[in-house]
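Working notes for the structure below.
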Amino acid sequence: MNSRHRPLLRAIAPLALMGVIFYLSAQPAAGHHPWWEIVFRKLGHVTGYALLTGAWWWALRGAVRRPLLVAVCIALAYACTDEYHQTFVRGRNGTPIDVGVDAIGMAIASLAIRVRRPSREAPGRVDAGGGVSRSSLARSP
């Protein structure tokens, strides 16, 4: 496979997940839900958008300079458009609160990715506190 096409092929996963989210948000809702169902739905929002953020990060790695930032921006934009979409579905309404719940999923995915794959510090760079990094001290005469 040509390395130029890899990001395009990887984009299939997050696009498919976006299709699933669209399908689920297009389902009409009926009346009042018990509290446990509301909690379950909100956990679905968190999980879905954590997965979407992770899928876009995976698809964009090597294709853009800051794939996690771009992934979060795509997921946030999609969360907003999904809530707008729900305003046209019978029994559903789009709310900024749901975008906030979706953002929790994005934050969890971002944190998990950053913890698992910390940014690599270049040797000899100055750290945020103004000191010299440990790797440059090891090589100093």
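If you chain together hydrophobic residues whose side chains sit under 4.5 Å apart, Leu76 and Met18 fall into the same group. One hydrophobic cluster, built from ILVMFWY side chains closer than 4.5 Å, holds both Leu17 and Leu15.
The neighbour count for Ile97 CD1, taken as heavy atoms of other residues, nucleotides or ligands under 6.0 Å away, does not exceed 12.
Screening residues 89-102 for side chain to side chain donor-acceptor pair (under 3.5 Å) gives Lys42-Asp98, His45-Asp102, Gln86-Arg92 as the qualifying pairs, with residues at least two apart or on separate chains. Residue pairs meeting the salt bridge (Lys or Arg N to Asp or Glu O under 4.0 Å) criterion with at least one partner in residues 26-41, sequence neighbours excluded, are Glu37-Arg41. Annotation: ring-ring contact (aromatic ring centres under 6.0 Å, His included) contacts involving residues 74-112, sequence neighbours excluded, comprise Phe22-His85, Tyr84-Phe88.
Hydrophobic clustering, defined by side-chain heavy atoms of Ile, Leu, Val, Met, Phe, Trp and Tyr closer than 4.5 Å, groups Trp36 together with Trp35, Val39, Leu43. Grouping Ile, Leu, Val, Met, Phe, Trp and Tyr by side-chain contacts under 4.5 Å, direct or through others, puts Val115 with Leu111. Residues Tyr23, Leu24 make up the rest of the hydrophobic cluster containing Val20, defined by ILVMFWY side-chain heavy atoms closer than 4.5 Å, directly or through other members.
For Val99 against Ala79, the heavy-atom pair with the smallest separation is CG2-O, 3.9 Å. When every heavy atom of Ser25 is checked against every heavy atom of Asp82, the shortest pair comes out as OG-OD1, 2.6 Å.
Of the inter-residue distances, the one linking Ile104 atom CD1 with Ile108 atom CD1 reads 7.0 Å to the nearest 0.5 angstrom.
In terms of the salt bridge (Lys or Arg N to Asp or Glu O under 4.0 Å) criterion, Arg61 has no residue partners (sequence neighbours excluded). In terms of the side chain to side chain contact (heavy atoms under 4.5 Å, CB included) criterion, residue partners of Ile12 (sequence neighbours excluded) are, by chain and number, Leu9.
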Review item, side-chain donor-acceptor pairs of residues 49-59, under 3.5 Å, at least two apart:
unit_1 : atom_1 : unit_2 : atom_2 : d
Thr53  : OG1    : Tyr49  : O      : 2.8

